A.B. asks: 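One structure, pasted below without further comment.
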Amino acid sequence: MHIPDGLLSLPVIVVTYAVTIGILAYSLRKLKDFPEEKIPLLGLFAAGIFAAQMVNFPIIGGVSGHLLGAVLVAVLLGPYAAVLVMTTVLLIQTLLFGDGGITAIGANILNMGIVGAFVGYWIYSKLKNFNEAFGIALASWSAVVLGAFLTSIEIGISHSLPFGKVLGLMVGYHAVIGIGEALITLFVVNALKSKLPEIGGVPA
């Protein structure tokens, strides 16, 4: 889902950068209320998500996926912390490892970090009292599919690739990848909550 340089038009680049910077600034402002004793968890989660994204799991036809992790962090630390963690991870991946283009950083953070942090967390928050496991799974799957859909829209309106083909491939493959995201997120959230019950309870 990492968009490389050359696929996005200038207007899309400008808009996605502006939206991402605005939401990041807002999230940083909201994190002033983040519990001081839990601040080290931000670095720990960033390192963990970065390492987890290096591990790919096979899907079909030679296509592989990896954990995004935005919903995972949002469930445990809140959506604003998730935005900061995902922004850090994605910046490091782009600047040091060439995953995604410099011009597409705004779009990539929006698609893979912000969508999961806020939309995913919203889905989870609406379902957690009904069935928390289902809420986590649906939020994780939805974050992946919505991120892929938004990526397709950005590439499509940039007229760099045929929209219909990109949409079908991106959403189709990521609907399957999202299942892996849901299972991994469920496992990790449950494992961390059982071993570190104090990790939750961060206000959204």
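No experiment lies behind these values; they were computed from the predicted model shown. Counting begins at 1 with the first residue of the sequence.
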A.B. asks: Passes side chain to side chain contact (heavy atoms under 4.5 Å, CB included), Phe34 versus Ile39? Steps please.
C.D. replies: CA-CA 7 Å; Phe34 194 79; Ile39 289 177; 4.0 Å; yes
A.B. asks: Measure across Gly113 and Leu90 and return the closest heavy-atom pair with its distance rounded to 0.1 Å.
C.D. replies: N-CD1, 4.4 Å
A.B. asks: Parallel under 30°, tilted from 30 to 60°, perpendicular over 60°: which one fits the rings of Tyr124 and Tyr121?
C.D. replies: tilted
A.B. asks: I need the minimum non-hydrogen distance between Leu42 and Val85, along with the two atoms involved.
C.D. replies: O-CG2, 3.7 Å
A.B. asks: Could you verify whether a donor N or O on one side chain and an acceptor N or O on the other, from Asn111 and Glu154, lie under 3.5 Å apart?
C.D. replies: yes
A.B. asks: Any sub-3.5 Å donor-acceptor pair from Trp141's side-chain atoms to Glu181's backbone N or O?
C.D. replies: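 Here the side-chain-to-backbone pair does not exist.
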A.B. asks: So which atom in Tyr80 and which in Leu31 form the shortest heavy-atom distance, rounded to 0.1 Å?
C.D. replies: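 In this case the closest contact between Tyr80 and Leu31 is O-CD1, 3.7 Å.
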A.B. asks: Is the shortest side-chain heavy-atom distance between Glu132 and Lys193 below 4.5 Å?
C.D. replies: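 Glu132 vs Lys193: side chains touch.
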A.B. asks: With side chain to side chain contact (heavy atoms under 4.5 Å, CB included) as the test, pick out the partner of Ile136 among Ile123, Thr185, Leu127.
C.D. replies: Thr185
A.B. asks: Rounded to the nearest 0.5 Å, what separates atom CD1 in Ile109 from atom OG1 in Thr87?
C.D. replies: 4.5 Å
A.B. asks: Please identify each residue that fulfils side-chain contact (heavy atoms from CB on, under 4.5 Å) with Ile102, with sequence neighbours left out.
C.D. replies: Asp5, Tyr17, Thr94, Leu95, Ile105
A.B. asks: Return the CD1 to CE distance between Ile177 and Met170, rounded to the nearest 0.5 Å.
C.D. replies: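 Result: 8.0 Å between the selected atoms.
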A.B. asks: Can you see which heavy atom on Ser158 is nearest to which on Val12, and at what distance?
C.D. replies: OG-CG2, 3.5 Å
A.B. asks: To check you understand the geometry: which heavy-atom pair defines the closest contact between Leu7 and Ser160, and what is its length?
C.D. replies: O-OG, 2.6 Å
A.B. asks: Please examine the side chains of Phe45 and Leu76, heavy atoms only from C-beta on, and report whether any two atoms are closer than 4.5 Å.
C.D. replies: yes
A.B. asks: Are Tyr26 and Val19 linked, directly or through other ILVMFWY residues, by side chains that come within less than 4.5 angstrom of each other?
C.D. replies: yes
A.B. asks: Which residues pass the side-chain contact (heavy atoms from CB on, under 4.5 Å) test with Ile92, sequence neighbours left out?
C.D. replies: Phe50, Thr88, Leu96, Phe97
A.B. asks: As an exercise, state the distance from CG of Leu44 to NZ of Lys38, rounded to the nearest 0.5 Å.
C.D. replies: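 Rounded to the nearest 0.5 Å, the CG-NZ separation comes out at 13.0 Å.
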A.B. asks: Specify the closest pair of heavy atoms between Ala137 and Ala182, including all atoms of both residues, with the distance to one decimal.
C.D. replies: O-CB, 3.5 Å
A.B. asks: Got a second to check how far Phe118's CZ is from Ser27's OG, nearest 0.5 Å?
C.D. replies: 4.0 Å
A.B. asks: If two hydrophobic side chains count as joined below 4.5 Å and joins carry through other members, does Val14 share a cluster with Ile157?
C.D. replies: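 Val14 and Ile157: separate clusters.
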A.B. asks: So how far is it from Asp99 CG to His2 NE2, rounded to the nearest 0.5 Å?
C.D. replies: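 It is 5.0 Å, given to the nearest 0.5 Å.
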A.B. asks: What distance do Ile13 atom CD1 and Thr103 atom OG1 have between them, rounded to the nearest 0.5 Å?
C.D. replies: 4.0 Å
